[in-house]
Every structure is written in structure tokens, then in C-alpha cells.
Amino acid sequence: MKLNHLLPEALARGTCAGTERRHIWNSTGRVEAKLGGHVFVEFYCTRCKHRASEFLTQEQYITHERNLI
């Protein structure tokens, strides 16, 4: 499932290296709870395998939990 909307705009609209194709971000399944009600989530691009990570709020995580794990 495409999860670009959960990443900062620069990453969400970024392109794969060497091509003009946009990243398609998906969760790696690595999810960690952090202090302050935030959740660390790691993503990878299904096209170029580039990795990125983001801290989501607890509300964002609950909304998208099925797609992140």
C-alpha cells in the first residue's frame, strides 16, 4: 500500500535515483513506541529500495496501524 502521505512532502514527492519515477513508500514493519506519545516507523521505496523513517503521532499510528505492521 502506498503510504507517501505519512512522510514529509520532500520525501513523498521525491523521485528514485537515476529515474524520474516517484517513490512509492511502504512500511518495513519496523515500528517502535517512543516517549511523548510518538511512534517511529521505517519505510522503504518499493521501486528503488531507498529507506526513510518518520515519527508519527499516536493518532496517526492508530489510524494507519493495519497498513504499518
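Under the 4.5 Å side-chain criterion, counting only non-hydrogen atoms from C-beta, F43 is not in contact with H50. Within the 4.5 Å cutoff, no side-chain heavy atoms of E54 are placed close to those of L6. Looking only at side-chain heavy atoms (C-beta outward), E42 and S27 stay at 4.5 Å or farther from each other.
Atom CG of L56 and atom NE2 of H38 lie 9.0 Å apart (nearest 0.5 Å). In this structure, R30 CZ and R51 CZ are separated by 9.0 Å, a value rounded to the nearest 0.5 Å. With rounding to the nearest 0.5 angstrom, the OG1 atom of T19 is 7.5 Å from the CZ atom of R47. The OG1 atom of T46 lies 10.0 Å from the CG atom of L3; values are rounded to the nearest 0.5 Å.
A pairwise comparison of heavy atoms in V31 and L68 identifies CG2-O, 3.9 Å as the closest pair. When all heavy atoms of E20 and T15 are compared, the pair lying nearest together is O-CG2, 3.8 Å. In this structure, L11 and H23 approach most closely via the heavy-atom pair O-CD2, 3.9 Å. Between L7 and W25, the closest heavy-atom pair is CD1-CG, 3.2 Å.
The number of heavy atoms from other shown groups lying within 6.0 Å of CD (E65) is above 12.
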